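Down below is the structure, laid out as structure tokens.
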Amino acid sequence: MSLIIGMLAVIVAWLGYKRVFTASKVVFVEAVLIAVSVAIHELSHRNIARRYGCISRYVLDPLGLILTLLSTFSPYLKIIVPGYVLITCPSHWGLGGRGSKDVLILATIAGPLSNIVLGIIFRITAILVGAEFFKIVFLDVSRLNGWLAFFNLLPIGPLDGARIFRALPIT
């Protein structure tokens, strides 16, 4: 349920208050693709963590949810942080030769990497598709995925970039 609420918050924030209540095909298709993009991002974190025997679940963050919903009213700056995937890797597990810190880095990178791949796929699809309707949708969802990857890689607070920065060895 938390992931569904998070996906809905991202849809509302990205589309903005003027578009979100518009009953159009473009908005509907875009909303579905946004939900898929967010789900793939979060499930990428989870699946990598679980592949190595870690425990993971999506957690809705109240402050992040509020910031995400407030972004609905901003046409340019979108703060999209409705929640996060909580990953717990017991340090005494062998994890197939990988330490828990390595698994945390891999699982954390998986989310933004999925958005980079999705952004490229949607951009190429927008170029190849002939219908203007789909061009608009695919370009906007490509932009969303680029923003999610960029924003999540910032080394700030609960974002993926901060977790990667903390986990990397400083030499």
Side-chain angles (χ1 to χ4, degrees), residues 1-15 20 30-72 74 77-124 140-171:
M1 189 63 172
S2 294
L3 182 56
I4 292 171
I5 293 170
M7 288 188 304
L8 290 173
V10 174
I11 291 167
V12 169
W14 188 256
L15 293 176
V20 77
E30 193 168 340
V32 169
L33 293 176
I34 291 169
V36 167
S37 296
V38 172
I40 288 172
H41 174 101
E42 301 303 347
L43 292 173
S44 294
H45 290 308
R46 187 193 80 161
N47 290 343
I48 295 294
R50 289 185 178 181
R51 178 179 296 157
Y52 289 100
C54 297
I55 301 163
S56 63
R57 67 183 177 91
Y58 184 79
V59 177
L60 203 57
D61 179 39
L63 178 59
L65 183 61
I66 290 168
L67 288 172
T68 301
L69 291 174
L70 286 175
S71 291
T72 302
S74 171
L77 180 62
K78 301 294 183 178
I79 300 172
I80 299 178
V81 288
Y84 56 92
V85 173
L86 179 65
I87 301 169
T88 307
C89 297
S91 59
H92 64 278
W93 289 359
L95 302 173
R98 292 194 177 276
S100 60
K101 202 176 212 180
D102 292 343
V103 174
L104 287 173
I105 292 172
L106 286 173
T108 302
I109 289 172
L113 185 60
S114 72
N115 290 121
I116 292 168
V117 170
L118 285 171
I120 292 168
I121 290 170
F122 284 122
R123 180 65 52 141
I124 290 169
D140 199 41
V141 177
S142 173
R143 233 172 21 110
L144 164 79
N145 278 284
W147 177 250
L148 286 175
F150 169 77
F151 188 74
N152 269 281
L153 288 172
L154 293 174
I156 301 169
L159 300 176
D160 296 334
R163 285 199 258 167
I164 294 166
F165 189 75
R166 279 193 307 266
L168 290 175
I170 310 255
T171 56

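Atom set for the values below is all heavy atoms of this structure, side chains included, hydrogens, waters and symmetry mates excluded. Bear in mind that the values here come from a model prediction, so they are computed numbers and not experimental data.
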| query | Going from CG on L65 to CG on L69, what distance comes out if it is rounded to the nearest 0.5 angstrom? | reply | 4.5 Å
| request: Specify whether H41 and H45 have parallel, tilted or perpendicular ring planes, treating 30° as the upper limit for parallel and 60° as the lower limit for perpendicular. | output: perpendicular
| Inter-residue atom distance C54.SG - L86.CG, 0.5 Å rounding | 11.0 Å
| Least distance between heavy atoms, V85 atom then S56 atom | CG1-CB, 3.9 Å
| field | Separation of S114 OG from E42 CD (nearest 0.5 Å) | value | 8.5 Å
| request: Applying side-chain contact (heavy atoms from CB on, under 4.5 Å) between L144 and each of L33, I80, N115, L118, report the one that passes. | output: I80
| request: State the CZ-CD1 distance between R50 and I48, to the nearest 0.5 angstrom. | output: 12.5 Å
| Of the non-hydrogen atoms in T68 and A9, which two are nearest, and what is the gap between them? | CG2-O, 3.7 Å
| remark: Output for pair (L153 CG, L113 CG), nearest 0.5 Å, gives 9.5 Å
Identify all side-chain donor-acceptor contacts of residues 105-112 below 3.5 Å with residues at least two apart in sequence or on another chain.
| unit_1 | atom_1 | unit_2 | atom_2 | d |
| --- | --- | --- | --- | --- |
| T108 | OG1 | L104 | O | 2.6 |

| remark: Looking only at heavy atoms, the pair that brings F122 and S37 closest together is CE1-OG, 3.8 Å
| request: Would you name the heavy atoms of R143 and R123 that are closest together and state the gap between them? | output: N-NH2, 4.4 Å
| said: Closer than 3.5 angstrom, by distance alone: can the side chain of S71 be matched with the main-chain N or O of I79 as a donor-acceptor pair? | reply: yes
| Should W147 and L77 be marked as a side-chain contact (heavy atoms from CB on, under 4.5 Å) after you check the CA-CA gap, both sets of side-chain angles, and the distance that decides it? | CA-CA 10 Å; W147 177 250; L77 180 62; 4.2 Å; yes
| query | Is there side-chain contact between D160 and Y84, with heavy atoms separated by less than 4.5 Å? | reply | no
| CG-NZ distance between L15 and K78, expressed to the nearest 0.5 angstrom | 8.5 Å
| Ignoring hydrogens and geometry, is there a side-chain-to-backbone donor-acceptor pair from W14 to I34 under 3.5 Å? | no
